[in-house]
Amino acid sequence: MAVSHTLLVTGGAGFIGSHTLVELLAAGFDVVVFDNFQQGSREALRRVQALSGRSFPCVEGDVRDAAALDRLFARQAELGAPIDAVVHFAALKAVADSVARPLAYYDNNVQGTLALLAAMRRAGVSRLVFSSSATVYGEPQALPYDESHPIAPTNPYGHTKAMVERILRDLCMAEPDFSAVTLRYFNPIGAHPSGRIGEDPHGAPDNLFPYLTRVAIGQLPELRVFGTDYATADGTGVRDYIHVVDLAQGHVAALRHALSGPGFTAVNLGTGHGTSVLELLAAFAAATGVAVPWRPAPRRAGDIAAAWADPRLAERLLGWRASRDIAAMCADGWRWQTRHPDGYAASGAGSGNSAGKP
Ligand code: UDP
């Protein structure tokens, strides 16, 4: 890269954020992380620094805190390293929790983004990459989902992502200088191949893959397969699982696109391949030698039978495509889980508010 860019990465201490930092640093970007450490881990940031051989500032704060954001932008400008663009991960992300606590989701995800956008405007920053989700599509009218599929989320979490996309679209219309790339993630799983960083959900995981690895390691007795009577090849739910490192690299491509010129763009990040729950279990057993005990269970409320991406726009527009297969996702996710049976907590640093600064 001819010119070095400094990025603000909100939520950089989380699962996708930490993996994306590794790729951004490898691509030559400078980063400043802003995270409230409610879900993210300080230890993850220490490890990103060790893996990349680069240090970076980490500011504890909440995206709803306008004054904290103003201070951060001003400080970077004073240091002669003004923020050029923002990669915005910071958000709440559990679907069932969003049904139980909708106000927390609208507040963190929508209000938080509005506060961030206002601070960006005050600081004259007009480049954004936003973490969205394939859940904005809702019940599939046709598969694969392409980016022109209707937006019809079925839960508060999905509504928060769809609302932010709408806000960004309107902002790009109103301000011809602004550029926003919103990335509609499919199902990120796995971990960095080093086994040093990975997914560290607090409490019992909601998502299939971290649940499965916790059963595999003996911390949970068995996997419940939610629905064995869907209209899919083997009756179980089908999803587009994507290696978290591929997803992270998609952010680097999206950022380059955001830096290249103004406008609003929504892009799927998926592989284009669907895998059923039972296929994932078989792939996990083949990759790791561990057969995970499971039993059929009723369908989970709000689940759809099948979802996978049309990934062609990402390739055409961003020059990015996923390259890692299910076997790599399983092997890498299992390496992280076996080396860190208790996640980051066992490193003595914890993942909560008690940990020291990196
Ligand atoms: N799933 C399951 N057992 C679990 C968690 C998930 O059978 O303990 C199924 C779920 O019904 C869906 C797939 O695994 O078909 C992926 O679920 P996940 O929550 O990981 O992603 P999402 O449903 O949000 O795409």
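The analysis underlying the following values was restricted to heavy atoms, covering all of them including side chains, and did not include hydrogens, waters or symmetry mates. Atoms within each ligand, like the ligands themselves, are counted from 1 in listed order.
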Study note, to complete from the structure: Close residues (non-hydrogen atom under 4.0 angstrom from ligand 1) work out to Asn187, Asp206, Asn207, Leu208, Leu223, Arg224, Val225, Phe226, Gly237, Arg239, Tyr241, Val277, Arg300, Asp303

Review point. Just wondering, do Asp310 and Tyr145 contact through their side chains at under 4.5 Å, heavy atoms?
Key: no

Review point. Ion pair present between Arg46 and Glu43, side-chain N to carboxylate O less than 4.0 angstrom?
Key: yes

Point to revise | Greater than 12 external heavy atoms within 6.0 Å of Arg321's CZ | key: no

Exercise for review: Please work out whether the ring planes of Tyr137 and His149 are parallel, tilted or perpendicular, with thresholds of 30° and 60°.
Suggested key: perpendicular

Practice item. Fit a plane to each ring of Phe284 and Trp334, take the angle between them on a 0 to 90° scale, and name the class: parallel (under 30°), tilted (30 to 60°) or perpendicular (over 60°). Key: perpendicular

Check your understanding: Can you check whether Phe15 and His192 have ring centres sitting under 6.0 Å from each other?
Key -> no

